[in-house]
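Presented below is the structure to which this report refers.
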Amino acid sequence: MYRYLERRLAEHLREFLRRNYGLEIANIVVEQPPKIEFGEYALPLAFELAKKLRQAPRKIADEIVAGVGAIPGFEKFEVAGGGYINVRLKRTELALALAADRSPAAEVAPGKVLVEHSSINPNKAAHIGHLRNAILGDTFVRLLRFAGRDVDVQNYIDNTGVQVADVVVGFLHIEQKTRAQIEALAAAPRFDYVCWDLYARVSHWYEENKSNLQVRAATLRSIEEGNNEIAAVADLISVAVLKRHLETMDRLDIEYDFLPRESEILHLHFWDAAFSTLKETGVLTYEAEGKNAGCWVMRRGGTSAGKALTTDGAELTGERITEEEQKVIVRSNGTVGYVGKDIAYHMWKFGLLGRDFGYRKFYRYPNGHDCWISAVEGEKVHPHFGDVAEIYNVIDARQSEAQNTVIEALRGLGHGQAADRYTHFSYEMVALTPRCAAELGYKLSEEEKARSWIEVSGRKGFGVKADDLLDALISSARQEVDGRHPELSEAERAGIAAQIAIGALRYFMLKFTKPSVIAFDFKDALSFEGDTGPYAQYAVVRASNIFRKGGFDPAAFCKDEAGEVFTADFSSYLEGESGNDVWELWLAAAKTSYVVSQCIATTEPAYLAKHAFQLAQLFNTFYHRYPILSEADEGRKKFLLTTTAVVRRELIRILAAMGISVPPVM
RNA sequence: GGGCCCGUAGCUCAAGCGGAUAGAGCAUCGGAUUUCUAAUCCGAGGGUUGCAGGUUCGAUUCCUGCCGGGCCUACCA
């Protein structure tokens, strides 16, 4: 609602400026005043116009305020300070619309969106770094769906790469296991933990004797070729670990629709289809000499094409790319690197490849939702994946160059529109504080002790596993729940502890903005107080308590009839100085879809976490200040109950968009 | 060497496209009404926004240089 009114205000002003000043201002800046007393919107417009009109900002502001006229829903315009225009809404009107949950339908961009996230190598347990990825990705999916978009969720599986090969080497060469023995291990719980330890041992084994690396190379070759015993072992390992990842993520309410695998990109020859067009369009050039002699290369993403561009801007053919700026796509032995496969895969995503995967049902979630996986020969009936209008790849910042290279390849192929709708959803890694690393038994050098964080390493088996962290959170939450609610059944207490643990974890991963490295520490992550998920959950529980103890249904206070009954009372409680406190709460509650659209536009879910916290904080203050059930004035009591019902509804929605549910009691 | 990112309170982080007195949480200290109340609330202390310039009516935000830190820069994925 807040978002809709902002747009209406901006459009009205744009029209006003066009008519009265003959000015075209494409982007009218609308801010939020620092204090509720100043109104709901603030316009620094007069400062901007001062130069153009050669007049004092204050004078321009006065003129605009005098001439702007009425806008439905708006109370008045005021000049403040040196030329700010503060805008006030008709509080009661907005409140009634909000109580009735009435909000004009926002236009939804057409076309399907594809979000790819998680993409964990299926050779070891997921760790906290993967959690950040999956939680960011899943939350972004929820935000897009909140905004009405049709979204497919994909999790790319590199099942034929070095990392899987390493674990295969571990089982076959170090552990000397047979395929049947590995199969038995894979069927046991937490097989991914077994792989986690083994993977670290394999890395060590390579270091002990460099000639062991030949075993890796041979294993990798066999896996890529397929149709042999080693490939079968690799497949059984990667499928088993993948299932474990799906289980781990399901604990956090994270689901996928489709799991495209590298094995199918290989075996269905996606690359061959891409290679010919890449050559024809000159995106790839052949190096006859130099360091990359015999390779097909392209310009590294992010390096400038500079003056090589002709005047029409499209022609890159014939341009020399310096060796420094070359990215090898096809090696001199004719094999293709991962960036090449990624280019083909992304052509498929946009429906530009002319080939498709086969599809098989792979995993059914407890709620009945099916997750599909790629296959050489698929089932006849399957959903249609790929061929989308827009994509988001949730991949950490270390891969931004590779991502940019893929984008540039699409652009070079003439698919500029696809390239424009390709978003690398980039975020920084999760590392450990030195203290946390020490707790995990990692021996720190003096230099490392002084650093603010230590990078995790799957290769070394150094990190916090996702399931371990969840277990720790659940047991910590469980202690609290047991102490507070001994009257509840075992199952109820377990359920509440899980909800709190998930709330704490998801919120923790979302509260940091993407470019910030998270220095992980158990103390912070296990906190349930202050700027945390449980804080926001608790605010909802408090609101629910009021309705439960009062014997009211919160939904009854959010409906249309509330508007009809309470119109007069609403204004007397909301308007004027005395209404500021409660109005601030209403206004915050009205901003949900505004914040969601900001999150999508900036690909930054942290704003939503901040919003949840702010709304919860305002509610807690309100809760403390206004006793509701004991309120003697019936009209006022109903107003306060409506306020509580609206805030409760919005908080539940906001938390749901973050994948956080709210326990019945806390 | 080149590219990208970061530097804000003791600690961890915010600050929407340049805007009003730079805000939270944690930690510390002091308080909270027989109530829907403590996973909460109120208050206090705590800042040369890394440094130096520039642009601007206005800079944490944009530009330049420097200092410090991280990541990327494989015919690995």
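Note that this is a predicted model, so its numbers are computed, not measured.
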Inset, instruction - Go through C75(B), A39(B), C17(B) for me and flag the one nearest to the Val328(A) side chain. - result: C75(B)
Inset, instruction - Return yes if the base of G1(B) and the side-chain atoms of Glu324(A) contain a donor-acceptor N/O pair under 3.5 Å, otherwise no. - result: yes
Inset, instruction - Just call it for Phe528(A): base, sugar-phosphate, or nothing, with non-hydrogen atoms closer than 4.0 Å on any strand. - result: base
Inset, instruction - Whole angstrom is fine here: how far is it from CD1 in Ile223(A) over to C1' in A77(B)? - result: 13 Å
Legend entry - Distance-only donor-acceptor test, Asn27(A) side-chain atoms vs C17(B) base atoms, 3.5 Å: yes
Inset, instruction - Check every atom of A15(B), A39(B), A20(B) against the side chain of Val481(A) and return the nucleotide holding the closest atom. - result: A39(B)
Legend entry - P atoms of C76(B) and C67(B), separation to the nearest Å: 36 Å
Inset, instruction - Report yes if at least one side-chain N or O of Lys549(A) is closer than 4.0 Å to OP1 or OP2 of U37(B); otherwise report no. - result: yes
Inset, instruction - Considering just the side-chain nitrogens and oxygens of Lys291(A), establish if one lies under 4.0 Å of OP1 or OP2 belonging to C75(B). - result: yes
Legend entry - Rounded distance in Å between the P positions of C72(B) and U61(B): 28 Å
Legend entry - Donor-acceptor contact below 3.5 Å, side chain Ser476(A) vs main chain Ala472(A): no
Inset, instruction - Taking atom C1' in both U8(B) and G68(B), compute the distance separating them and give it to the nearest angstrom. - result: 15 Å
Legend entry - Inter-nucleotide C1' distance (C13(B), G31(B)), Å rounded: 27 Å
Legend entry - Flag if over 12 foreign heavy atoms under 6.0 Å of CD, Glu225(A): yes
Inset, instruction - Give the intermediate values and the outcome of ring pair (Phe, Tyr, Trp, His ring centres under 6.0 Å) for residues Tyr156(A) and Tyr345(A). - result: CA-CA 10 Å; Tyr156(A) 179 78; Tyr345(A) 172 43; 5.0 Å; yes
Legend entry - Below 4.0 Å: OP1/OP2 of G16(B) and any side-chain N or O of Tyr594(A): no
Inset, instruction - Give a yes/no on whether any side-chain N or O of Arg300(A) is located under 4.0 angstrom from OP1 or OP2 of C72(B). - result: no
Legend entry - Side-chain N,O (Tyr538(A)) to OP1/OP2 (C41(B)) below 4.0 Å: no
Inset, instruction - Kindly indicate whether the side chain of Asn620(A) and the base of A39(B) share any N or O donor-acceptor pair separated by less than 3.5 Å? - result: no
Inset, instruction - List the steps, then state whether ring pair (Phe, Tyr, Trp, His ring centres under 6.0 Å) holds for Phe77(A) with Tyr41(A). - result: CA-CA 10 Å; Phe77(A) 290 68; Tyr41(A) 301 99; 9.7 Å; no
Legend entry - Paired nucleotide for G58(B) [Watson-Crick or G-U wobble; both distances under 3.5 Å]: none
Inset, instruction - Kindly indicate whether the side chain of Thr621(A) and the base of C41(B) share any N or O donor-acceptor pair separated by less than 3.5 Å? - result: no
Inset, instruction - Whole angstrom is fine here: how far is it from CG in Asp521(A) over to C1' in U12(B)? - result: 10 Å
Inset, instruction - Please measure how far the C1' atom in C63(B) lies from the corresponding atom in U56(B), and state the result in whole Å. - result: 12 Å
Inset, instruction - Compare side-chain N and O positions of Gln614(A) against OP1 and OP2 of A14(B) and report whether any pair is under 4.0 Å apart. - result: no
Legend entry - No-H, no-angle donor-acceptor pair, Lys327(A) side chain to U73(B) base, under 3.5 Å: no
Legend entry - Out of C6(B), C71(B), G25(B), whichever nucleotide has its closest atom nearest the side chain of Met429(A): C71(B)
